[in-house]
Amino acid sequence: MEKVCEFLKGAGTYYLATLDGDKPKVRPFGTVNIFEGKLYIQSGKVKDVSKQIEKNNNVEICAMNKGEWIRIEAKLIEDDRLEARQSMLDAYPSLQKMYQADDGNTIVWYLSEATATISSFVKAPEVITF
């Protein structure tokens, strides 16, 4: 899991795919943080992405970093604890201009049942489950 977190941080931007009914939706994300042994991402509750995840928490994440790419299949599980939200905001101080841990809008999810595959054109894929 730590390697997956480092990969995503190194990429800077990753892309999160959700479903909106039967239509795929993909958007850029940048937050990733390990808290209490779980890998978390963050957004706002008012955004469409949050509503889509609430209806179907199966997602896929994809990113490129230094000639390699990662694809992560996972379920996102909301963690509604103040401590989890604050941990993410502490990891990304720039977000504190838009979000507060107790604002009723900040939402964090951890990845569950995750399978990450790191691939490149020059070596065999590496599969990481967590």
Side-chain angles (χ1 to χ4, degrees):
M1 177 181 51
E2 289 81 6
K3 185 170 187 173
V4 172
C5 186
E6 288 175 26
F7 191 104
L8 294 174
K9 283 184 178 186
T13 301
Y14 58 88
Y15 296 88
L16 176 73
T18 60
L19 282 175
D20 186 9
D22 64 346
K23 305 279 189 227
K25 299 293 179 180
V26 180
R27 80 276 295 149
F29 264 63
T31 54
V32 60
N33 186 43
I34 294 176
F35 176 68
E36 294 183 347
K38 295 177 182 170
L39 188 65
Y40 282 77
I41 67 171
Q42 177 273 338
S43 190
K45 286 185 180 183
V46 298
K47 294 183 178 182
D48 288 343
V49 66
S50 294
K51 296 168 188 157
Q52 293 159 9
I53 293 167
E54 186 177 329
K55 290 180 182 174
N56 183 345
N57 68 342
N58 291 293
V59 300
E60 189 158 304
I61 293 171
C62 186
M64 291 281 303
N65 187 7
K66 298 178 184 170
E68 296 182 318
W69 59 93
I70 191 168
R71 291 179 63 198
I72 307 164
E73 298 174 29
K75 292 183 181 291
L76 291 183
I77 309 298
E78 181 181 359
D79 186 337
D80 196 33
R81 295 177 299 151
L82 181 68
E83 299 85 3
R85 294 190 303 270
Q86 189 61 55
S87 175
M88 180 64 77
L89 295 173
D90 289 346
Y92 291 89
S94 62
L95 289 177
Q96 295 178 22
K97 296 174 186 172
M98 299 178 291
Y99 297 102
Q100 296 297 314
D102 60 355
D103 64 7
N105 182 41
T106 302
I107 186 168
V108 295
W109 303 275
Y110 64 86
L111 281 67
S112 176
E113 301 176 38
T115 300
T117 305
I118 300 173
S119 302
S120 76
F121 292 117
V122 297
K123 60 183 179 182
E126 177 182 1
V127 177
I128 303 165
T129 57
F130 56 97

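Predicted model, so just to flag it, every value in this text is computed and none were measured. Numbers here are sequence positions counted from 1.
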How close do [X] and [Y] get, counting heavy atoms only, and between which atoms?
| X | Y | answer |
| --- | --- | --- |
| Ala17 | Val26 | CB-CG2, 3.8 Å |
| Leu95 | Gln42 | CD1-OE1, 3.5 Å |
| Gly67 | Ser120 | O-CB, 3.7 Å |
| Phe7 | Ala63 | CE2-O, 3.8 Å |
| Ser119 | Pro125 | OG-CB, 3.9 Å |
| Gly37 | Met1 | O-CE, 3.1 Å |

With distance as the sole test, does [X] use its side chain to make a donor-acceptor pair with the main-chain N or O of [Y] at under 3.5 Å?
| X | Y | result |
| --- | --- | --- |
| Glu68 | Met64 | no |
| Thr13 | Gly30 | no |
| Lys75 | Ala114 | no |

Can you confirm whether [X] sits close enough to [Y] that some side-chain heavy atom of one is under 4.5 Å from a side-chain heavy atom of the other?
| X | Y | result |
| --- | --- | --- |
| Leu76 | Leu111 | yes |
| Val32 | Tyr92 | yes |
| Asn33 | Val108 | no |
| Asn58 | Leu19 | no |
| Lys47 | Arg27 | no |
| Lys25 | Asp48 | no |
| Glu54 | Lys45 | no |
| Ile77 | Lys38 | no |

Atom pair [atom1]/[atom2] of [X] and [Y] - distance to nearest 0.5 Å:
| X | Y | atom1 | atom2 | result |
| --- | --- | --- | --- | --- |
| Ile61 | Ile70 | CD1 | CD1 | 8.5 Å |
| Lys9 | Thr31 | NZ | OG1 | 10.5 Å |
| Cys5 | Tyr40 | SG | OH | 12.5 Å |
| Ile53 | Glu78 | CD1 | CD | 10.0 Å |
| Thr115 | Phe130 | OG1 | CZ | 8.5 Å |

Quiz item: Can you hop from Met98 to Leu16 via hydrophobic side chains spaced under 4.5 Å?
Solution: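 Yes: a chain of side-chain contacts under 4.5 Å links Met98 to Leu16.
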Quiz item: Under 3.5 Å, is there a donor-acceptor pair between the Asn105 and Asp103 side chains?
Solution: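 Side-chain D/A pair, Asn105 to Asp103: absent.
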Self-check item: Side-chain H-bond candidate by donor/acceptor type, Gln52 with Asn56, under 3.5 Å
Solution: no
Quiz item: How far apart are the C-alpha atoms of Asp90 and Gln96, what are their side-chain angles, what is the distance that settles it, and do they pass the side chain to side chain contact (heavy atoms under 4.5 Å, CB included) test?
Solution: CA-CA 8 Å; Asp90 289 346; Gln96 295 178 22; 4.0 Å; yes
Quiz item: Do the two ring centres, one from Tyr14 and one from Trp69, sit under 6.0 Å apart?
Solution: no
Quiz item: With respect to Glu2, which candidate in Ile128, Leu39, Ile34 satisfies the side chain to side chain contact (heavy atoms under 4.5 Å, CB included) definition?
Solution: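 Of the listed residues Ile128, Leu39, Ile34, the side chain to side chain contact (heavy atoms under 4.5 Å, CB included) partner of Glu2 is Ile34.
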Quiz item: Can we say Asp80 and Arg85 salt-bridge, meaning some charged N sits less than 4.0 Å from an Asp/Glu carboxylate O?
Solution: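 Result for this pair is yes, salt bridge flagged.
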Quiz prompt | Pair Glu126-Lys3, side chain to side chain contact (heavy atoms under 4.5 Å, CB included): steps then yes or no | solution = CA-CA 11 Å; Glu126 177 182 1; Lys3 185 170 187 173; 2.7 Å; yes
